[in-house]
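See below for the structure under consideration.
Just so it is clear, the structure is predicted and the values come from calculations on it, not from any experiment. Chain letters run A, B, ... following the sequence lines, proteins first and then strands; every chain starts at 1.
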Amino acid sequence: MLQIQLLRENPQEVIDRLKIKNFDATELVAEIRELDSENRNLKKKIDDNLMAQNQGAKKIGQLFKEGKRDEAEALKAEMATLKESERTDRAKLQEQEELLQSKMVLLPNLPNAAVKPGKGAEDNEIVYKQGDDSNLPEGALPHWELVKKYDIIDFELGTKITGAGFPVYKGKGARLQRALIDFFLDEATAAGFVEIQPPYMVNEDSAYGTGQLPDKEGQMYHCQVDNFYLIPTAEVPVTNIYRDVILKESDFPLKNCAYSACFRREAGSYGKDVRGLNRLHQFDKIEIVTIEHPDRSYETLEQMTNHGKMLLTKLGLPFRVLRLCGGDISFTSALTYDLEVYSKAQQKWLEVSSVSNFESYQANRLKLRYKDATGKTKLAHTLNGSALALPRVLAALLENNQTEKGIVIPEVLRPYTRFDIID
RNA sequence: GGAGAGAUGGCCGAGUGGUCGAAGGCGCGCGCCUGGAGAGCGCGUAAGCGCCAAAAGCGCUUCAUGGGUUCGAAUCCCAUUCUCUCCGCCA
């Protein structure tokens, strides 16, 4: 959520910058400003009323002590009137504040100046590219064929047990999955991210804190009996560690990493984009999260992106880095880099990481703040990224490393898999 | 799941209707003292919001959360959540 001060002081800037995200905020900003000023007036009225009541209450106490019963009773009657108007004003204020809040969450985060305008994915800038993206020889198989051939992932079995999009990993497939998790966590730890094992279900407050609620409710699995949500990413529980926290400047940067299973309903997806491991309802991911001082958050964004690049380099996978354009960047992000691996058999780029700086947008909802040198309380910046999402890494790895003898395991993973080849 | 006890500031802890944003202690910050440190002494130490161009200042809210009683609630009543103890169940 944006800070309301920004709309009070600089509404035009908000409108202009949101145009980059193809978002016309003109009307919404006007409505919000109107509501905000109404609410402040009302608040003032209520505060004054309360002051009168507080003073009256003190006076009544005194009058009773002095034995002036009649005066006290008269004043009591007055209080009743004040109370009555307080009641109506308060009800109105609450209603209007909810309305204001519901409008505020409709405003996306402002994009960073580096974000270029654009319609959608086709306008993203390729800022880096590495590795061999030539095609495989004749007869190369897509991963959904390979996993059958070597019996390492069973999609039909998952459908039987649960439903589509819940694959079952078997034998060397399961082991490879576990190896990747372990490898990614070790690398993140080496880079200074403190490992967290978070809950896989969160309450409403947490889902709201990171912005899954209220707008993306349909994307999450919901346990209605207990009103918990299955996490769509470890970002949700990990970032919520810092909900309602006031940090010291010396606490920065706070770096966490976490492995978790991720659950996404992804309603409405179909077709060949969702084939095999490309898109699942349950998948594994290692997430990195940084809470940073506003002055350093963009430096940190680069570092986090570099961490993802390093992982893909070590795995020997061809990849590219995109800086998302205004049309493709998420609602809550100020600047996002996507990392995509090249899947040779599908001849397709697959997103395996998305690294974003949310600046203070998320922190504002989370009430994640710090005290600066002068003792003022300010909003911190939050960043997160995948390091990395497993299924698509696995897909590319299987496809790109297939040989006549079998699937060759990258050198760096062998200490974890304790085998060199899937055959 | 059953029975009971409890929830107060960064922490511990007092407080059963007005003088309580809240004693006392710890911690923390600043100052004095010291060659330096410690001890000691003194002062200070929550957040949110509003008024104000801003600072100062003033006002409002907050003692788990939500409602209620009352002129007035940390204090009384109701509901919810959470924590602890005992019992049950359980990896």
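Map L50(A) and R8(A) each onto its nearest nucleotide of RNA chain B; the residue landing nearer the 5' end is R8(A). Nearest-nucleotide positions on RNA chain B place R369(A) closer to the 5' end than the other of R369(A) and M51(A).
Between G10(B) and G17(B), the distance separating the two C1' atoms is 30 Å to the nearest Å. Between G48(B) and A55(B), the two P atoms lie 14 Å apart (nearest whole Å). Taking atom C1' in both G6(B) and U80(B), the straight-line distance is 16 Å, to the nearest Å. A gap of 31 Å separates the P atoms of G4(B) and G18(B), to the nearest Å. Comparing U75(B) with A64(B), their P atoms sit 8 Å apart, to the nearest whole Å. Between G13(B) and A7(B), the distance separating the two C1' atoms is 13 Å to the nearest Å. Between C86(B) and A73(B), the two C1' atoms lie 34 Å apart (nearest whole Å). Rounded to the nearest Å, the gap between the P atom of G15(B) and that of G24(B) is 15 Å.
Side chain to side chain, S333(A) and T336(A) meet the donor-acceptor criterion of an N or O pair below 3.5 Å. Side-chain contact of T233(A) with K285(A): a donor-acceptor pair under 3.5 Å is present, judged by distance alone.
You'll find the ring centres of F184(A) and Y259(A) outside the 6.0 Å limit.
For K45(A), the side-chain contact (heavy atoms from CB on, under 4.5 Å) partners at least two apart in sequence or on another chain are D89(A). Remark: R40(A) engages R8(A), D36(A) in a side-chain contact (heavy atoms from CB on, under 4.5 Å) (not counting sequence neighbours). In terms of the side-chain contact (heavy atoms from CB on, under 4.5 Å) criterion, residue partners of P117(A) (sequence neighbours excluded) are, by chain and number, I20(A).
Relative to the six-membered ring of F64(A), R69(A) misses at least one condition, a distance below 6.0 Å or an angle of at most 45° to the axis.
K43(A) comes within contact range of at least one nucleobase, with a heavy-atom separation under 4.0 Å. Using a 4.0 Å heavy-atom distance criterion, N49(A) is classed as making no nucleic acid contact.
Under the Watson-Crick or G-U wobble criterion, with both distances below 3.5 Å, A79(B) is paired with U65(B). In this structure, G72(B) forms no base pair with any nucleotide, since neither Watson-Crick nor G-U wobble geometry is met with both distances under 3.5 Å. Base pairing of G29(B): its partner is C43(B), meeting the Watson-Crick or G-U wobble criterion (both donor-acceptor distances under 3.5 Å). Of the nucleotides present, U85(B) is the one that pairs with A3(B) by Watson-Crick or G-U wobble criteria, both distances under 3.5 Å. Of the nucleotides present, G57(B) is the one that pairs with C51(B) by Watson-Crick or G-U wobble criteria, both distances under 3.5 Å. Pair assignment for G36(B) gives none, since no Watson-Crick or G-U wobble pairing has each distance under 3.5 Å. Nucleotide G21(B) forms a pair with no other nucleotide shown, judged by Watson-Crick or G-U wobble geometry with both contacts under 3.5 Å.
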### Message
Show, in sequence, the C-alpha distance, side-chain angles and deciding distance for E204(A) and Y208(A), and conclude whether the side-chain contact (heavy atoms from CB on, under 4.5 Å) test is met.
### Response
CA-CA 6 Å; E204(A) 258 186 322; Y208(A) 183 82; over 6 Å; no

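Against RNA chain B, the stretch residues 68-93 of chain A makes heavy-atom approaches under 4.0 Å through K76(A), M79(A), K83(A).
Sequence neighbours left out, the pairs with a member in residues 411-423 of chain A that pass side-chain hydrogen bond (donor to acceptor under 3.5 Å, both in side chains) are D186(A)-Y416(A).
Extent of RNA chain B lying under 4.0 Å from chain A heavy atoms, first and last nucleotide in 5' to 3' order, is G18(B) to G72(B).
A salt bridge is defined here as a Lys NZ or Arg NE, NH1 or NH2 lying under 4.0 Å from an Asp or Glu carboxylate O, and K160(A) with E156(A) fails to meet this definition.
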